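Take a look at the structure below.
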Amino acid sequence: MADLSTIIHNIKLKNPVLTASGTFGYGVEFDDFFDINLLGGFIVKGTTIHPRQGNAYPRMAETSSGMLNAVGLQNAGAQYFATEIYPKLTKYETNVLVNVSGSTIEEYVACAEIINDLDRISGIELNISCPNVKEGGMAFGTSCPSAAAVVSAVRKVYKKTMVVKLSPNVTDIAEIAKAAEGAGADSLSLINTILGMAINAETRKPVLSTITGGLSGPAVKPIALRMVWQVSQAVKIPIIGLGGIMNATDAIEFFLAGASAIQVGTANFIDPLATVKIINGIDNYLNRHKISAISDLIGCLHL
Amino acid sequence: MADLSTIIHNIKLKNPVLTASGTFGYGVEFDDFFDINLLGGFIVKGTTIHPRQGNAYPRMAETSSGMLNAVGLQNAGAQYFATEIYPKLTKYETNVLVNVSGSTIEEYVACAEIINDLDRISGIELNISCPNVKEGGMAFGTSCPSAAAVVSAVRKVYKKTMVVKLSPNVTDIAEIAKAAEGAGADSLSLINTILGMAINAETRKPVLSTITGGLSGPAVKPIALRMVWQVSQAVKIPIIGLGGIMNATDAIEFFLAGASAIQVGTANFIDPLATVKIINGIDNYLNRHKISAISDLIGCLHL
Amino acid sequence: MKKSVQNLKVIANVKLNNDHHLLQLHTPDQLENIVPGQFANILADQSQSIFLRRPFSIHAVDYQKNIISILIKEVGEGTRSLSHTPVNSSLNVIFPLGNGFSLPSSSEKVLLVGGGCGVAPLLHLAQVLSKDFNDIYILLGARSAVDLVELNQYAIYGKVFTTTEDGSHGEKGFVTEHSIFGVKLDSFSRIYCCGPEPMMKAVASKAKANSVSCEVSLENTMACGFGVCLCCVTETLQGHKCVCTDGPVFNINQLKWQI
Amino acid sequence: MKKSVQNLKVIANVKLNNDHHLLQLHTPDQLENIVPGQFANILADQSQSIFLRRPFSIHAVDYQKNIISILIKEVGEGTRSLSHTPVNSSLNVIFPLGNGFSLPSSSEKVLLVGGGCGVAPLLHLAQVLSKDFNDIYILLGARSAVDLVELNQYAIYGKVFTTTEDGSHGEKGFVTEHSIFGVKLDSFSRIYCCGPEPMMKAVASKAKANSVSCEVSLENTMACGFGVCLCCVTETLQGHKCVCTDGPVFNINQLKWQI
Ligand SMILES: Cc1cc2nc3c(=O)[nH]c(=O)nc-3n(C[C@H](O)[C@H](O)[C@H](O)COP(=O)(O)OP(=O)(O)OC[C@H]3O[C@@H](n4cnc5c(N)ncnc54)[C@H](O)[C@@H]3O)c2cc1C
Ligand SMILES: Cc1cc2nc3c(=O)[nH]c(=O)nc-3n(C[C@H](O)[C@H](O)[C@H](O)COP(=O)(O)OP(=O)(O)OC[C@H]3O[C@@H](n4cnc5c(N)ncnc54)[C@H](O)[C@@H]3O)c2cc1C
Ligand SMILES: Cc1cc2nc3c(=O)[nH]c(=O)nc-3n(C[C@H](O)[C@H](O)[C@H](O)COP(=O)(O)O)c2cc1C
Ligand SMILES: Cc1cc2nc3c(=O)[nH]c(=O)nc-3n(C[C@H](O)[C@H](O)[C@H](O)COP(=O)(O)O)c2cc1C
Ligand code: FES
Ligand code: FES
């Protein structure tokens, strides 16, 4: 067994496999399938200070090797999370991170403050990249000053590990990455979904109620991999890579591109056991290549 | 038979199906397969004022529902095109457009001037979006001022229809579209390829010699469709839509999103007869839906 | 039964008519209790156009032989591919999912109404209801006689009535035009309904008018099928609820239907 | 023959060893002249990981029965899927593509050298060369005896020699270590070579040293296979050339190989 442990700022992960926010519920939904303590950690759904109903149905469209979603951060609010859901998550021994979102900087800060009080939460993932909300969300992640503003405001109130999740819907992701690093991010995760659209040719209507939605799945992997590579050349803080990871080979590619850990998103829908298979697959790969630790792979692309 | 004709500025197309630059050679390569006069028109390879060897091998990586290329505008130069290739193209009765690229504004202008003298060329497609060249290319297409600068410079020397091909690698494609329109574009085509990357986990090397390359194919269709929709809301000039179109249904989706014509790219590799099948498929769709002309479909998305 | 991901062996694949196939899937493990109305999320051969799983109601359960049956109507690529799964190959299935119909605690007179492919969960429901001496009426509607599949199966468990749009079987018209709805509907204590949404709304409206309890099984576009993606919501009086976990079965009083 | 896109019927699919399959594809049209070394670009069942066609040398041609044969070595998903194409199904094939080997105009003594799956086009080449009374030597190299397929087929057209890395068949070692290369290589007027690149370079270097004309068949990652994508270039003295149209066969003097 190779050494799969990796470090994201103050969080020591026993293995580099996390799950992506919005694709793993609150973890409990997977209890029937496998012991989720096997994971390096998991990231719960996008949480906002106020409860959100999310967008109207239909919220999903299947695309070639991918899917569009327009969930729109449906959640019961940070307070509900803290009092009703958090207690159920304390049974897990692995790392739990909360994905934090908002429409204004004040909302981000208020939400992060509530999460800051929850002992067993290892860190937050600041979502400045949600393409499915009318206000805030992605807007923060598409310009350097606004990204820096929200990151530094949250930095003041949040004491533990703060991962900032970047939007791929930008001209130069390395610039935004540097702005987030400069404003106090401890780590960066990328990519969130890419803004896309689906049309039903028969009904001549958009498939999604919101017209556009966020693209995820293997279709986006080449773009995600490129962005992780670009960001890894631009910043010093650890990167968490995601976007279209379906199997261990995909995960290895992200490590080589510079990711210190990875997240599995859409793959959970297709195979709820994808994450455990990926953990085993990474171990097999390392053994087969006689690499003793995952850290020897991170950023080690041969050019 | 429905009326498939459509108009792009001064170019009347008998049907809305064109082929994408770099995926259809100079047309002649398809002579064995079908009569390419059946097409609304075709767009020849990226042409530059100086001959270009293109990038080193390997130039291609297969991805989920797509491919990356790193050809890098290999071509024998505008003068060679005018004297050696153009005479062979005059046998075609359909529209031929030349895709024009360059490393500097002067190069774009010089190339466009040469093409301007070729009677049987219906127009140029100004490629300000090639992700595979070190200088120029996409750099022009990722900021409004530089896009406007190259478009207005070429506008001064090029008298016929000038289509400007936009890059999807931007935060706000509608802004760039407006800049190009303002600078004198007669039409916009989108999308060019999306910057992506592939890694071979076994060799631990990037698959492409250039590390990153351009993603095309059905994987990008949702993104292309979204951008065509956004641009169609922002400009008045006709739009030529492309990105992942494999069949007539895909094409219909682009018309509904606001495209007056479409281009077929990567699909030509998988099925050299894709374009003719798409033309027939559009006709079938219109007949089945009792729509008498393609123009009744363009931009007619029911919201 | 706890939900799980399993590779189930296809032990039979019967073509019922032009576009319906019946698949029998065998599991080596002992099947535990599956509630009628629960569904399975099945992985078809992945292709360019099939990326996600496809949900199907559990049509019948054989606890002795550890077999679940699925009734598939071909409507697109996924159902086409699944319909043609060769016998002896295996399918990757997540099941059982969803809540299922609520069952009477004592013997009742119940009406099951199904239309189109919506009939699928009703066979399992009839199977289970019939064990508790309920008085079961089953009304099945279709476009034409050929579209009515497995009538003899339903007849094992209850009294079967039919409507067809072309009058080629049973009464002519839509299910809600059947004479059952003409007479006293409140002789039934419950209606269970499954089919195209307009049909379910029509049935729900009759049920409501007659104050008969009515449950409907909804469809929705699903990405996961087990409550983590939040893609499959329907509007209820308690806000957005997931069809895959809070449903697919809802009491019509929970829904915001204009009926 | 003009290139075309055709659905060819698989009339035979023979497993030759653990990872090699021989497919016979039938066309209803009369086959016209196919040059040895030309290839076919075949569409495998499209899946998430197979998007593009896969190129294969034309291994043999039967102009009477209108059959082309393809020798497939399984190395990944595409070749795995194609290897298991059922008999009587059809495959979508673009062919014939590429330039092919240049053939002697009068009788000559020629050496064909193949290694691994690179042997595929050599059978067709031997077939055609043998018609013109050439004196044909065929040297085939592999890892082990089991990897040497169809030796009896080659023996119909010429004198067959073999090497294996483990010595289980013919001489032990790499092809370039075979005694043929020890004696006067310049008794051959041409060498045709096909196989892994290091092997072709080794053969090319021997040929060059002995001033024997030598043609090699290159592989490359291809998107189209007919000259429109410019993805498959190789460096030549005349700059980048497409392996799919300017090749796959090149004279070693055209290439920029360091040999
Ligand atoms: C809880 C549940 C239980 C179901 N039970 C059964 C069953 O027992 N038997 C059966 O044959 N089918 C059942 N369905 C429907 C079945 O899942 C869809 O027909 C299938 O997913 C379509 O896949 P496809 O690839 O063939 O079609 P696609 O190519 O995905 O779609 C073809 C057409 O069907 C429409 N469509 C696709 N999915 C749905 C959906 N979920 N609801 C409504 N329209 C849809 C599309 O808009 C499109 O017009 C059930 C669906 C749900 C949600
Ligand atoms: C002109 C030409 C003729 C060919 N003739 C034959 C033939 O007669 N019989 C035969 O079995 N194969 C032949 N090949 C090789 C064959 O095309 C590849 O093995 C096939 O494309 C691999 O597809 P896959 O999906 O199985 O593997 P993939 O999953 O695509 O790749 C598996 C592994 O093979 C490598 N690979 C893939 N394609 C190539 C390639 N073109 N060259 C070198 N390495 C590659 C990949 O890098 C990877 O390591 C030929 C190739 C060319 C270009
Ligand atoms: C249904 C769905 C819901 C999502 N919800 C969130 C969310 O609440 N917060 C967030 O930061 N990302 C969200 N995402 C984005 C994913 O976390 C991830 O960034 C993206 O899907 C790319 O990874 P993948 O291709 O592995 O799915 C969601 C994605 C999907 C598909
Ligand atoms: C191999 C290849 C070469 C290309 N060369 C050019 C080019 O020279 N000029 C250009 O504007 N676009 C070029 N493109 C981009 C295509 O024209 C098109 O914009 C893109 O592939 C998206 O369409 P598709 O998904 O239908 O292929 C090239 C694409 C490919 C795949
Ligand atoms: S389908 Fe994912 S929550 Fe219902
Ligand atoms: S493979 Fe396209 S040019 Fe050779």
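Chain naming here is simple, since letters A, B, ... match the order of the sequence lines and numbering starts at 1 in each. Source: prediction; values computed, not measured.
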For [X] against [Y], the heavy-atom pair lying closest together:
| X | Y | value |
| --- | --- | --- |
| D:I94 | B:P272 | CD1-CG, 3.4 Å |
| D:A223 | B:F269 | O-CB, 3.4 Å |
| B:N55 | D:V233 | O-CG2, 4.4 Å |

Among [options], which residue has the highest count of heavy-atom pairs closer than 4.5 Å to chain B?
| options | value |
| --- | --- |
| D:K3, D:E235, D:M222, D:K2 | D:K3 |
| D:V5, D:T221, D:L52, D:I50 | D:L52 |
| D:N41, D:V228, D:N92 | D:V228 |

How about [atom1] on [X], more than 12 heavy atoms from neighbouring residues, nucleotides or ligands closer than 6.0 Å, or not?
| X | atom1 | result |
| --- | --- | --- |
| D:F174 | CZ | no |
| B:R120 | CZ | yes |
| B:K205 | NZ | no |

Subject >> Contact origin within D:N220 toward chain B - heavy atom pairs under 4.5 Å >> reply: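 For D:N220, backbone and side chain are both near chain B.
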Select, from [options], the one with the greatest count of heavy-atom pairs under 4.5 Å involving chain D.
| options | answer |
| --- | --- |
| B:G217, B:G66, B:P218 | B:G66 |
| B:R59, B:M60, B:M67 | B:R59 |
| B:A56, B:P58, B:A61, B:S64 | B:S64 |

**OP:** Begin with the C-alpha distance, continue with both residues' side-chain angles, and end with the deciding distance and a verdict on side-chain contact (heavy atoms from CB on, under 4.5 Å) for D:S4 and B:D32.
**Re:** CA-CA 7 Å; D:S4 66; B:D32 274 7; over 6 Å; no
Going from [atom1] on [X] to [atom2] on [Y], what distance comes out if it is rounded to the nearest 0.5 angstrom?
| X | Y | atom1 | atom2 | result |
| --- | --- | --- | --- | --- |
| B:N69 | D:L230 | CG | CG | 9.5 Å |
| B:E62 | D:R54 | CD | CZ | 4.0 Å |
| D:C244 | B:E29 | SG | CD | 9.5 Å |

**OP:** Could you walk me through whether B:T266 and D:F51 pass side-chain contact (heavy atoms from CB on, under 4.5 Å), step by step?
**Re:** CA-CA 10 Å; B:T266 306; D:F51 175 59; 3.6 Å; yes
Original post:
Which bit of B:F30 is near chain D, if near means a heavy-atom gap under 4.5 Å: side chain, backbone, both or neither?
Top reply: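 Interface part for B:F30: side chain.
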